Amino acid sequence: MIETTTQEETQTYSFPDKKGYFGKFGGKFVPEILIPALEELESAFQTAIKDDTFWADYHRLLNEYVGRETPLTFCDRLTEHFGKAKIYFKREDLCHTGAHKINNAIGQVLLARRMGKKRIIAETGAGQHGVATATVCAKFGMECIIYMGAEDTERQKLNVDRMGLMGAKVIPVHSGSKTLKDATNEAIRDWVTNVEDTFYIIGSAVGPHPYPVMAREFHRIIGDETKRQLQEAEGENILPDYVLACVGGGSNAIGIFYPFVDDASVKLIGIEAGGLGFETEETAATLTKGTPGVLHGSLSYLLQTDSGQVQLAHSVSAGLDYPGIGPEHAHLFDTGRVKYVAVNDKEALEGVKLSSSLEGIIPALETAHAISYLNILMPQTTENEIVVLNCSGRGDKDMGTISKYI
C-alpha cells in the first residue's frame, strides 16, 4: 500500500492538446464533409463541460437510472487463492445494462439533445455499447440505428434481441471480417450521408477528436470513484499498487487509469486480446504487435499488413475483436506510463472459471482477459500491496460462447 498526496495536488497530465493530439497520436483524419460536424461537436462539448447543469443532469441520471456509484468489492477468496496482495474488483458489471458503456452513452446523448440532434447512430462489437445506446434512446424517445458485424450478431444474439426490444434498428454488416471494424466503417458512412440531423455515439476511446477525450471524461468516474472508495476501505491517502483493465478500443481502461496517471507509484496495466497468440495472425493485440497508422479518424497503433492494409483481428471476445486502439492509450504506451500485455483466448476462458468459481462473479469475456493476467501478476506482489481490477462487464451476454468452450 502506498501513501500519496491528493489528486488535486498531483494532477498535471493535460492531454490532448488543442488539435486533439495525445503526443503524436490522435487528430482528425476524416472526409472534409465531417469537419464542420466535428467542430460543432467539439464546441458543444467544451460548452457543456463548463456548465454545471449539464453535469448535474449527467450525475443525476447515473445515480437514479444507471445505479452509480458501483461498489469496490474486496475479493477475499481470490486474495486467499493467490496468498499475496489484496484484490479488489471495481464493479462496472453492476451498472444498468451490465457494463461500463452506459456512462458514455448517457453523456453523449445529453450532448445530442443540447445540439438538437434527433437521430442517433452507433457501432457495437460485443453489443454492450449498442444496448447502452438503445437504452438511452428509449429513455429519451430518440431514433436509434445500430451497426453490428454479422459475425457479432450471431455471437451476441441476446444483445441483438435486447436492442430490438428497446426499439433500435440493428443493421448487420457483412463486409470484411463482419466484426467491429466493419460496423464502424458503416456507421461512418451513414454519418457522412446524414450529417445534418444525426449524432454518432462512438462507443470507445477511439475516433477523431473530440471523441477520445469525450469517452475519457464520461468514463473517468470509474477511476474517481475507485480512488475515493479505496481510501474509505484502506485509509486516507492510500492508493492501489496496481490497476488492471482489459483493452480493446480502450474506454473502460482509460476511465479507470486516467485519475491515477499522475500518481507515479501506481502501476497501470492494460490487457489486450492475444487471440490464438500474439505471434500469430489470429490476434487483436494492437500494442503488442501493431504499428502506427490511421484508422477510423485518428492516428494510433493498429494491426496492419506489410502493404499497409488493416489486418483482420481475432478474439474469443467480440468486444476486444478490434485491430486498433484509442490514441491516448497509444501515447501512454509510447511514454511507458502504462504497461500493455496480451492474454490469449484459452487463458481468458480460464479467467472466467477463476472468477466464477472463487467469487461467484461471472465476468464478460473482455474482463476475463484482465482476470487471467492475475495468474502472472500476483506471484510478483506482496501481502501489503493492493491490486484493483476493473470488472468492466458481466458475462450473461457471453454464456453461449463460454458454454461452447468450457
Side-chain angles (χ1 to χ4, degrees), residues 62 65-68 70-71 73 75 78 89-106 122-139 144 146 148-149 151-168 170 172 179-180 183 203-204 219 222 245-246 248-249 251-252 255 271 273 315-322 343 345 347-372 389-406:
L62 290 186
Y65 189 64
V66 175
R68 299 205 75 92
T70 60
T73 299
C75 299
L78 264 178
F89 279 4
K90 178 57 174 165
R91 301 294 305 282
E92 295 302 289
D93 58 312
L94 296 181
C95 287
H96 178 44
T97 72
H100 69 289
K101 295 291 188 180
I102 191 75
N103 304 321
N104 181 48
I106 289 282
E123 85 300 324
T124 195
Q128 286 303 110
H129 173 59
V131 169
T133 301
T135 299
V136 296
C137 287
K139 173 70 173 172
C144 182
I146 306 292
M148 190 172 189
E151 181 177 323
D152 292 338
T153 63
E154 296 298 322
R155 289 195 285 184
Q156 300 291 337
K157 186 179 184 301
L158 175 62
N159 276 343
V160 174
D161 292 343
R162 292 168 76 192
M163 288 182 267
L165 186 62
M166 289 184 284
V170 180
T179 56
L180 179 58
S204 195
H219 280 306
I222 304 171
C246 64
S251 59
N252 92 90
I271 297 88
S315 172
V316 69
S317 163
L320 301 184
D321 196 356
Y322 184 66
V343 163
D345 289 351
E347 291 165 336
L349 289 161
E350 291 300 316
V352 172
K353 290 196 290 185
L354 183 67
S355 175
S356 301
S357 63
L358 290 182
E359 291 294 339
I361 298 172
I362 302 175
L365 280 170
E366 293 82 2
T367 303
H369 286 72
I371 294 170
S372 175
L389 186 149
N390 194 18
C391 191
S392 56
R394 65 176 184 244
D396 309 33
K397 67 183 180 59
D398 294 313
M399 282 309 300
T401 302
I402 292 169
S403 298
K404 178 181 176 181
Y405 286 99
I406 296 179

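Note that the coordinates shown come from a computational prediction; the quantities given were computed from them, not determined experimentally.
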[X] versus [Y]: any side-chain heavy-atom pair under 4.5 Å?
X: C391; Y: I361; result: yes
X: E366; Y: K397; result: yes
X: C137; Y: M166; result: no
X: F89; Y: S355; result: yes
X: K101; Y: T135; result: no

Working to the nearest 0.5 angstrom, can you tell me the gap between [X] [atom1] and [Y] [atom2]?
X: H96; Y: R68; atom1: NE2; atom2: CZ; result: 13.5 Å
X: E123; Y: L180; atom1: CD; atom2: CG; result: 6.0 Å
X: S356; Y: I371; atom1: OG; atom2: CD1; result: 7.5 Å
X: C75; Y: L358; atom1: SG; atom2: CG; result: 9.5 Å
X: D93; Y: T70; atom1: CG; atom2: OG1; result: 8.5 Å
X: L349; Y: K404; atom1: CG; atom2: NZ; result: 11.0 Å

Check D396 with R162, please: is the shortest side-chain N to carboxylate O separation under 4.0 Å?
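Answer for the salt bridge query: no.
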If only atom types and distance count, is the side chain of [X] paired as donor or acceptor with the main-chain N or O of [Y] below 3.5 Å?
X: T367; Y: G393; value: yes
X: S372; Y: E350; value: no
X: D345; Y: V316; value: yes
X: T124; Y: M148; value: no
X: E359; Y: L78; value: yes
X: N252; Y: S392; value: no
X: Q156; Y: G127; value: no
X: D321; Y: G125; value: no

Taking every non-hydrogen atom, the tightest pair across [X] and [Y]:
X: D152; Y: A318; value: OD1-CB, 3.7 Å
X: G130; Y: I146; value: O-CD1, 3.9 Å
X: H219; Y: S251; value: CD2-CB, 3.7 Å
X: I271; Y: H369; value: CG2-O, 3.4 Å
X: N390; Y: A245; value: CB-CB, 4.1 Å
X: T179; Y: R155; value: CG2-NH2, 4.0 Å

Counting only heavy atoms from other residues, nucleotides and ligands, does the tally under 6.0 Å from CD1 of I362 exceed 12?
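Open: at most 12 neighbouring heavy atoms sit under 6.0 Å from CD1 of I362.
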Counting neighbours of OH on Y405 that are heavy atoms of other residues, nucleotides or ligands and sit closer than 6.0 Å, is the number greater than 12?
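No, not enclosed.
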When you compare the side chains of E92 and N103, does any donor N or O come within less than 3.5 Å of an acceptor on the partner?
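On atom types as modelled, these side chains qualify, holding a pair under 3.5 Å.
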So, H129 versus S204: side-chain donor-acceptor pair below 3.5 Å or not?
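Not at all, the side chains of H129 and S204 share no donor-acceptor pair under 3.5 Å.
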